[in-house]
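Comments concern the structure below.
Labels below follow one simple rule: chain letters A, B, ... track the order of the sequence lines, proteins then strands, and each chain is numbered from 1.
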2 protein chains.
Amino acid sequence: MKDQNIICPVALTLSLIEGKWKTLILRDLLEGKKRFGELQRSVEGISQKVLTTQLRALEANGIVERIAYAEIPPRVEYQLSPQGQSLHAIIDAMRIWGENYQMLDK
Amino acid sequence: MKDQNIICPVALTLSLIEGKWKTLILRDLLEGKKRFGELQRSVEGISQKVLTTQLRALEANGIVERIAYAEIPPRVEYQLSPQGQSLHAIIDAMRIWGENYQMLDK
DNA sequence: CGGTATCCAGGTCGATACTG
DNA sequence: CAGTATCGACCTGGATACCG
């Protein structure tokens, strides 16, 4: 957790969802529960290591929940926590803003 | 502009406001027009070089406007563009979310 | 299947010095 | 006052190989 987050809640929120991949992961998890392999396919171009890192970070921050089944072969599912679900409105707002922004050319 | 922004408007929006300093700069500019030196004092800890870089990036993306006066000593003011103003709701939403998040300890 | 371990490349940020 | 220039440190992310 960065130092500035203490004084700037905006930076706090942002720190939880920023980065090259987190929004893409969240976008997919907003659709519902997903397995590790599913995420790796839907978040195109991400490596195993980085997907693991990002999911661990989201989990540590209470945004996603990890459910491991004791099976052979192993199965692990990820889903948004209630905290994560509550980001839905913000992500939607950013999506809409981004779509408008795109239409003004650039 | 990153490649994924083409397919993910959320990532597009995020790319414009993320980073260690941009939210802090935007937070201050939401209050109104500011001079370079004012920003450097209110965004505590930022170096001249980085503040310049960040402002240039925000300007290039149409979020802030730069007004230089041909005076001695020089005077430069920065203010949000209409596009930048339209981020207000999103930044507010993130601030509120962050405040709630903080209260759940962590 | 769902990870770790290792090593490396690129970019961002910081410190410092200098300038119109 | 409001920058630019230079150099170096750190950190994120990428490639690849291996593991329970």
Rounding to a whole Å, what distance do you find between E71(B):CD and dG20(C):C1'? 15 Å

side-chain contact (heavy atoms from CB on, under 4.5 Å) assessment of L80(A) paired with L87(A): CA-CA 10 Å; L80(A) 290 179; L87(A) 283 168; over 6 Å; no

Has T23(A) got a side-chain atom pairing as donor or acceptor with V10(B)'s backbone, closer than 3.5 angstrom? no

Whole-Å distance separating the CD1 atom of I67(B) from the C1' atom of dC1(D): 16 Å

Of the listed nucleotides dG3(C), dG13(D), dG3(D), the one nearest the side chain of Y78(B): dG3(D)

Distance in angstrom units between Q48(A) CD and dC18(D) C1', rounded: 11 Å

Between dG2(C), dC7(C), dT6(D), which nucleotide has the shortest distance from any of its atoms to the side chain of K49(B)? dT6(D)

Please lay out, stage by stage, how E77(A) and Y69(A) fare under the test side-chain hydrogen bond (donor to acceptor under 3.5 Å, both in side chains). CA-CA 8 Å; E77(A) 290 179 340; Y69(A) 299 87; 2.9 Å; yes

Determine, step by step, whether L51(B) and W21(B) satisfy the side-chain contact (heavy atoms from CB on, under 4.5 Å) criterion, reporting the C-alpha distance in whole Å, the side-chain angles of both residues, the deciding distance to 0.1 Å, and the verdict. CA-CA 8 Å; L51(B) 179 54; W21(B) 301 110; over 6 Å; no

Nearest-Å distance for atom pair CD/C1', residues E59(B) and dG3(D): 13 Å

To the nearest angstrom, the CD-P distance between E38(B) and dG3(D) comes to 13 Å

Using only side-chain N and O atoms of K20(B), determine if any of them is under 4.0 Å from OP1 or OP2 of dC11(D). no

Closest to the side chain of R35(B), out of dT4(D), dC1(C), dA2(D), is dA2(D)

With DNA chain D as reference, determine whether G19(A) or R75(B) sits nearer its 5' end, using the nearest nucleotide of each. R75(B)

Can you see if the side chain of R66(A) gets near the phosphate of dG2(C) - specifically, an N or O under 4.0 Å from OP1 or OP2? no

Which part of the nucleic acid, if any, lies within contact of Y69(B), taking any heavy atom under 4.0 Å across all strands shown: a base, the sugar-phosphate backbone alone, or nothing? nothing

Value in whole Å for how far the P atom of dG13(D) lies from CH2 of W21(A): 9 Å

Checking Q85(A) side chain against P82(A) main chain: does a donor-acceptor pair fall under 3.5 Å? no

Counting only side-chain nitrogens and oxygens, does R56(A) get under 4.0 Å of the OP1 or OP2 atom of dT4(C)? yes

Rounded interatomic separation in angstrom, taking CD1 from I46(B) and C1' from dG14(C): 11 Å

Using a heavy-atom cut-off of 4.0 Å across all strands, would you classify Q54(B) as base, sugar-phosphate, or nothing? sugar-phosphate

Atom pair distance, as rounded to whole Å: NZ in K34(B) and C1' in dA2(D): 17 Å

Classify E77(B) by what it touches in the nucleic acid, base, sugar-phosphate, or nothing, heavy-atom distance under 4.0 Å. nothing

